Amino acid sequence: MTTTSLITLSNITKEYSSLCALQAINMQLAQGEVLGLFGHNGAGKTTMMKLILGVISPTHGNIEVFGVKPDTKAASHMRNKIGYLPENVSFYEQLTGLEVLTYFAKLKGFSNTNSKKHAIALLEKVGVDHAMKRQVKTYSKGMRQRLGLAQAFIGQPKLLLLDEPTVGLDPIATAEFYQTVDQLKSQGTSVILCSHVLPGVEQHIDRAMIISSGQMLATGSLAELRQLAHLPTKISLQGLDDTLTQDPILIPYIDQKQNNILRVPEQDKMDILRHLLSLPNLQDINVEPANLEQVYQYFLKEKPVDTKSSYSAEAIK
Ligand SMILES: Nc1ncnc2c1ncn2[C@@H]1O[C@H](COP(=O)(O)OP(=O)(O)OP(=O)(O)O)[C@@H](O)[C@H]1O
């Protein structure tokens, strides 16, 4: 990667007493890059975010965020550039949404006048402006989550760390959230987001990192991970019927249960597609590459015994 890294994790291990929450993790995040961090409960995702924030320190290894160690005094100047949505948002229940957000904006350095203006604009953005004068204790789960997102977006951060950002959001709010991520990315913000809800995430991330029990299993773009996992593309066909089962080029790829479906490895895909398009009775074709969920399942099943055998897209470059 030629661009400067905003975050560099070098050989990071984090132990809590006898429990190793993260083991020998290496990771870089470039400006404007969106990384999806995926793993089961207790895999170490929140621990990684807390290390990047400097809330906790690594047991071994080195972390740099904006060129400084995040758990040192030197990092105080970079904190205003970071937005963080914790896994469980909680606010001062007696304050209104507007008061909460104005307070956080002031903490981030906004003046009295500007903090209120900025807070109102953000409440509009996340769709809680209609309730901004109500106490937070009257908010629904989704409204609290939206307020949490507004809090993370304060001051147009250069780095956003979002732990389960879509939990409790309805489908429209989820789509609006991803639109905001795309917009911030286009303005140069780097984002790390953890999510257990995989459908819908893949179009918005540049790279995925899959961790399990504190170890990195795989990292790369979805296309790179598909290739590493040798997951075939599903091609559904209409109109070929007998031609398909009698074509020696296509026979090896026919699905065992449905003979109008082919499962084609990435390296053969273009040749097979060209061949299919030359067949006169082909009526329709639908091409589905493996999705994030399938890629995730694959790497979790293939869990290597140590970090040296983890999969990295670097290996296929
Ligand atoms: N302060 C702590 N003291 C002791 N163990 C901890 C502490 N914080 C986290 N852990 C342990 O570290 C491991 C990783 O936890 P972490 O919260 O990073 O997981 P996660 O991937 O974010 O999980 P989830 O998806 O459930 O939020 C877990 O086994 C957890 O119990």
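Computed over heavy atoms, backbone and side chain alike; hydrogens, waters and symmetry mates excluded. Just so you know, these numbers come straight off a predicted model, no measurement behind them. Whatever order the structure lists ligands and atoms in, that order sets their numbers, starting from 1.
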- Task: Find out whether the Lys NZ or Arg CZ of Lys81 is both under 6.0 angstrom from the six-membered ring centre of Phe66 and within 45° of the ring's axis.
- Result: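 Because its charged atom sits under 6.0 Å from the ring centre and within 45° of the axis, Lys81 does stack over Phe66.
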- What distance separates Asp271 CG from Leu276 CG, expressed to the nearest 0.5 Å? 11.0 Å
Write 'none' if nothing qualifies; otherwise put on separate lines each N/O atom of ligand 1 with a protein N/O atom under 3.5 Å away and their distance to 0.1 Å.
| unit_1 | atom_1 | unit_2 | atom_2 | d |
| --- | --- | --- | --- | --- |
| ligand 1 | 18 (O) | Thr46 | N | 3.4 |
| ligand 1 | 18 (O) | Thr47 | N | 2.9 |
| ligand 1 | 18 (O) | Thr47 | OG1 | 2.6 |
| ligand 1 | 19 (O) | Gly44 | N | 3.4 |
| ligand 1 | 21 (O) | Ala43 | N | 3.1 |
| ligand 1 | 21 (O) | Gly44 | N | 2.9 |
| ligand 1 | 21 (O) | Lys45 | N | 2.9 |
| ligand 1 | 21 (O) | Lys45 | NZ | 2.8 |
| ligand 1 | 22 (O) | Thr46 | N | 2.9 |
| ligand 1 | 22 (O) | Thr46 | OG1 | 2.6 |
| ligand 1 | 23 (O) | Gly42 | N | 2.8 |
| ligand 1 | 25 (O) | Asn41 | ND2 | 3.3 |
| ligand 1 | 25 (O) | Lys45 | NZ | 2.7 |
| ligand 1 | 25 (O) | His196 | NE2 | 2.9 |
| ligand 1 | 26 (O) | Asn41 | ND2 | 3.0 |
| ligand 1 | 26 (O) | Gly42 | N | 3.4 |
| ligand 1 | 27 (O) | Glu87 | OE1 | 3.2 |
| ligand 1 | 27 (O) | Glu87 | OE2 | 2.7 |

- Query: What pairs meet the ring-ring contact (aromatic ring centres under 6.0 Å, His included) rule with one or both residues in residues 219-265, with sequence neighbours excluded?
  - Reply: none
- Message: Are there over 12 heavy-atom neighbours, none belonging to Lys185, within less than 6.0 Å of that residue's NZ?
- Response: yes
- So which pairs with a foot in residues 4-29 pass salt bridge (Lys or Arg N to Asp or Glu O under 4.0 Å), sequence neighbours left out? none
- Residues at least two apart in sequence or cross-chain that pass side chain to side chain contact (heavy atoms under 4.5 Å, CB included) with Gln203, listed by chain then number, are none
